[in-house]
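Below you'll find the structure, written out as structure tokens, and then a few comments.
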Amino acid sequence: MASSTTASLAASPAFTFSASTFQKLHPTEYFRKFVSQGVRPDGRLLNSFRPTTVHQGVITTANGSAMVRIGGTTVVCGVKAEVAEPKLDAPDQGYLVPNVDLSPICSSAFRPGPPSEQAQVVSDQINRVLKESNVLDLKDLCIEEGKAVWSLWVDVVCVSYDGNIYDASLTAVMAALANVRIRKPTYEEGVVKVSGVDNTDEDDNSSFKLKLARTPLSASFVLFDTSLTLLADPNFAEEAISEGQISITIDEQGKLCAVSKVGAATTSLTSMRQCVDRARERSQELRAIMNQHQ
Amino acid sequence: MSRLDRTRTSPHQLRPFFSSQNLLNRADGSAQFDFGGSSVICSVVGPAEVKIRDEKLDRATIEIVARPLVGLPGVKDKTLERNIRETLEPLILSGLHPRTGIQIVVQTMKEDGCILSTAFNAAILALLDAGIPLKSILASVTCIIDSRTNQILLDPTIEETTHAKSTHVFVFDNKVSISSINPEDVAMDEDSKEPSHTGILFSDSTGLFTEDEFFECANACFKAAQAVHGFIRTAVSKKLEKEYQQTRA
Amino acid sequence: MDRKRVPGPELSVAPLVEYPVGYKRWTPLEEKRHDLKRQTEDMRPIYLKTGLINQANGSAYIELEKTKLACGVYGPRPAKKLGGILSTKGTLNCEIKFATFSCAKRRSNVRVLLESDGFGSCLAAAITAASVALAHAGIEMLDLVAGCSASYIQIGPNPASISSRTSSSKARGSISTQIFMDADLEEEKYEQGAIVLAYMPSLNEITHVLQSGKAEGSTISKSVEYCVEACNKIYAVMHHALLESINENKEAL
Amino acid sequence: MKEAEPSTNEREFLLAALKDGARIDGRNFYDFRTLRLSFGSDYGAVEVQLGNTRVLAKVSCEVIKPYPDKPTEGFLMFSTELSPMASSAFEVGRQTDEEVLVSRLIEKAMRRSRALDTEGLCIVAGEKVWSIRVDIHFLDHDGNLVDAACIAAITGLLHFRRPDVTVVGEEVTIHTLEQRNPVPLSIHHIPICISFAFFDKGGCVIVDPTHLEEQIKEGDMTITLNVHKEVCALSKAGGIPMELDQIIQCSNIAVVKVAEITAQIQAALDADAKKRQVSRK
Amino acid sequence: MASIKTEQPPGSLLPQGPSIVLPGDLLPAPGTRLVTDDDDAFITTSTTAPVIKLGPGLLVDDDSIGAIKAGILKHTPTGNRWWVESNQRRYVAAQGESVVGVVISKSAEHYKMDIGAAQHALLGVLSFEGASKRFKPDIKIGSLVYCRVSLANKDMEAELECFNPTTMKSDGYGELKNGFAIKTSLGLARRLLDPKTLILRLLGQHTPFETVIGMNGKIWVDSESPKKIILICNAIKNSEFLSDTECKTMVKTVIEKL
């Protein structure tokens, strides 16, 4: 479909140069041509998401892991459980520490060095969703009250960046957390021990899984052009020319866990409603994908 | 039902506003805005010289620096910076000042909930004071849904926030938004009695809430934001009257 | 304290792993490898794919069972002027990172390598992947470079298991040094030395050798031989992966 | 953005005026600018205005583990990042020499002079101690940041109340402000910084220089004193050499200024305490 | 200040009374022809309607005229000009305005001047009365110069000149020797140039002094003694937010101090 549309564009007399040159020169104008016809240069409809895959347990060195692909965006999330001292004001609570890493390997747009603003913002968003919609009871991570607790380092590494990092990261985080297996610890005078026996069968009681209260999953959109047309699941190019972003995060009962809208001119409540509705369907699809790979 | 801060009687009542403009002498513009016990001071410098690497040939570069009251800035403050920048950028007519920089510094002075909203309102007052050309102004209000009563509490204190099941921050401008011209929107407005021109400039909600609750919050905050808009207008008028009392003819 | 990340506890350690009495961990007693399916000269099966990173000019993803590694190539782009000196040579900047969760102990804030199982093999894999990624990026090269690793591990004491290949072992009685190709982490624990070799198969030239630990000359020369052999095998895989990517491009057009 | 140098006219006029015994803002050489102290609703928050210079200090506390070698010693930390709000010459994440200087002086004046009894911050030896944190925010820079910051810091510490705690064996209960009245910190003495600027090869000495005066000054010195005429710190980092008796003259001036400022701080604190009592009733 | 309920619906037309506008407020000019200051291209909505000339602080947004700054909406019947009288500190160079600048550096052709705007402005070494290749004025770096903005454009540095383009005479432009300079808001500078403003006259009654007022908020003052200059500068600064009567008393008290 994409190719055909491109062809028709190139054919139309308005163009004296190739579609690709035109895209480079006037990205917005280029997109407008497509959007006006209800499609996007990559052949998607305005409200369609890119093909998505979720693979759990891809990293054996981690306690839990998942690789998520949304179109050209690939992220890997690994969860490592380590032992730490609890905070004095929360002696029976562990730590859940999500961080997203956007390194130069996944896009030339990112520079080496400390996390960029974008990386920090995504990390903070995910951290807030996990906390505010109390996905995990941190008391479950207690080993010995006031002495030792589990610290779950949830690290998301972006391998390939092509937009919509929030959806990809959150999905990876939730899939990885669902995949977490921690060996049952024993605590003796300040030392936490776990068994090193590799027990591969599913229903062994030498290790435990996390009790996740809910699984929030998100759907993101960008607002395009002065018409503020909604484009679902933006890719890199679409993010670059977007006027603003909307992200809706929903759990399996259809409860909203987060709604964020930044940038652009005022957005009508109608388009907000459209996003919520679309996010509902999308999060269902995502859950289906997650489960079939489990 | 009396509010936890004991000064308010209604869940939709805002805490008293306070503002003062032009209170810093080194900045080009400055303002302080208070929602009761929460206070944010904001300074604006620019249009001023900008580092070559940040220079934009067609418009001014807008930089936001957010500083917390306690401790060193962290990822939270980065998110705050980004939220404020992404919201102000479309309001500021940066095309009128190409190859310059506009730096906005936001400093929390007192913390009792709703810091983001307080910061938004302080920032717009500071921009007005600095005479930065703007498409429109904005006003922000925060609300929570109380986990025990399921009631929407506007402009909550920190204490009230501890009982929140969800928190919602909204920003609205003073322009009639495109949504009102959009017909199906008007149509929809009849059944769900939403103000015909409720358009959201910025929205950030976390916690656990239903779709209807979200839109209820949006409307409650929209109504409350009108009071903030009115307050900003009065504050600016007062300042101008003081300035022009000599040349009033 | 790192201001630019979501903060966690200042100090956290991996739990102490303990094994129940009588639990038998792998030891290089017989010629058996940690992975029983492999002979000493066998490598792990390689999975190699190009073009996973669509923002990159060239990219490759390589998997040797547990070792997983992604490589992206960006450029050629104009180099930053080094004191304004005009150089007739380009520069190849290389950055290798381990994902925080790639090892038993969480590494703090480093990247790219997704999971590592054995150091030598991981360097070798990195070389292979980088070379494929460069080729995929269409950077002119003399030849592909394949990387391969081997460990020297003493086996025995068990006469039965003395390798007929290592003649030197006879002299030293029951103890003999065996070459384990492409050793994994468990095996590396017992290694006395290791070699990582990078080789350009079609030119038949070695571009890089990293030998560490003690080993007899004969063992080393042997290991080099084996590695070169192995590299030729790897080359086939690389070749295949690149052809694939070309075909895919054809289809796309 | 780098600082704009004052014009020759301003420079020459300022010096001429000083020769004539006058300062640009109409002050005498040994006058401090009007000092305003205002407190927030919560404890340990104080805003200091010294003429056009504005500083906000916020004191906070948390319970942490002490260093093993000092099991009964609490912590006192200062954060003195110069915000671009005070002057666009200050960049985020780039420490200017001025910043280093200011933070050092404050460290010296407050911590090294042992103004705060850190032993008194111990809850359970080797287990739990209070860590007191003073965040100093510079809002507006019209010279003499050090003096303003020190006044803000010490006033904040005097104004601050930490939650009350009861220890029963290993059991530590930290009481909320509702449960029990919070307790003040034990402050040994009140160190005050007095900064001087020198002009005319030391022929002219002024107190509390403005930004313009700092830009043109030939040398400077900061003396930290308390009401008991004890010198806590004295720093003269470079600048023109000064006669010993000039230094002594400066310290004599400082003694007077310290008395005035300490009195004003006390008055402000008392006034605030009264206000709180009234509001509590 | 308490919370104030507003009668002003958002994005409304102008408020009544002293017509104070905020960005986003729309001018009540339905169907008018209007001509923007900079370019005389005009938007016609109805040919019969009166022509409106737009000054600073107003902008045409598709078919409506909106305020972009907070200020007092001003209008003169002559040419039917509308603009927003607003105050700010940061100077933005505008053609024809007189400013006081500081010499930052100099080259063979130009003095680079700091006039308090985002970019430095250029003052040609020949843009002085009677200046020629042979005879060029020599102004030191750091000196104050009173000059006129001959060219201002958002996309390039402003250019300055030290003579009146019509008469080619210096007209008081040029280097300012001695004296002292203070920085005030642009609004105050503008008002000081307005004869309706009392403060300068009041001061003049008590002590003779010279002053040069730059539209960029830089004000140069010279008088017989430093003390007097200081007094005048501070009086001017303090006058900004005072009424006429308050000014009178303020001036009286400071003069007595002298």
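In this text, all values refer to a predicted model and were calculated from it rather than measured experimentally.
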### Message
For the backbone of B:A27 and the side chain of E:R89, can you confirm whether one donor and one acceptor N or O come within less than 3.5 Å of each other?
### Response
yes

### Task
Decide side-chain contact (heavy atoms from CB on, under 4.5 Å) for B:K135 and E:I68; before the verdict, give the C-alpha distance in whole Å, the side-chain angles of both, and the deciding distance to 0.1 Å.
CA-CA 6 Å; B:K135 273 203 197 69; E:I68 58 171; over 6 Å; no

#### Entry: Matching residue for E:P23 among B:L138, B:L134, B:L93 - test: side-chain contact (heavy atoms from CB on, under 4.5 Å)
B:L134

### Query
Can you tell me how far the CD1 atom of E:I20 sits from the CD atom of B:E241, to the nearest 0.5 Å?
5.0 Å

### Interface residue of largest heavy-atom contact number with chain E, from B:A60, B:A139, B:G29, B:S237, under 4.5 Å
B:S237

### Message
Less than 4.5 Å to any heavy atom of chain B: does that hold for the side chain of E:L186, its backbone, both, or neither?
### Response
neither

#### Entry: B:L127 versus chain E, the contacting section by heavy-atom distance below 4.5 Å
neither

### Query
Quick one: are E:N87 and B:D129 in side-chain contact, heavy atoms under 4.5 Å?
no

### Query
Is any side-chain heavy atom of E:R90 less than 4.5 Å from a side-chain heavy atom of B:V44?
no

### Query
For B:P47 and E:A118, which heavy atoms make the closest approach, and how far apart are they?
O-CB, 3.4 Å

### Over 12 non-hydrogen atoms of neighbours within 6.0 angstrom of NZ in E:K112
no

### Query
Do E:K69 and B:L128 come within less than 4.5 Å of each other through their side chains, counting heavy atoms only?
no

### Query
Is there a donor-acceptor pair under 3.5 Å between the side chain of E:Q119 and the backbone N or O of B:R99?
yes

### Message
So, taking the atom named CG in B:L240 and the one named CD in E:E85, what distance separates them when rounded to the nearest 0.5 Å?
### Response
9.5 Å

### Query
Is there a side-chain contact between E:F241 and B:N22, using heavy atoms and a 4.5 Å cut-off?
yes

### Atom NZ of E:K248 with >12 non-hydrogen neighbours under 6.0 angstrom
yes

### Query
Given that the side chain runs from C-beta out, which part of B:I137 has a heavy atom under 4.5 Å from chain E: side chain, backbone, both or neither?
both

### Message
A side-chain contact here means heavy atoms from C-beta on lying under 4.5 Å apart; do E:R191 and B:E243 qualify?
### Response
yes

## Note on the structure
So CG of E:D155 and CG of B:D58: to nearest 0.5 Å the spacing works out to 9.5 Å

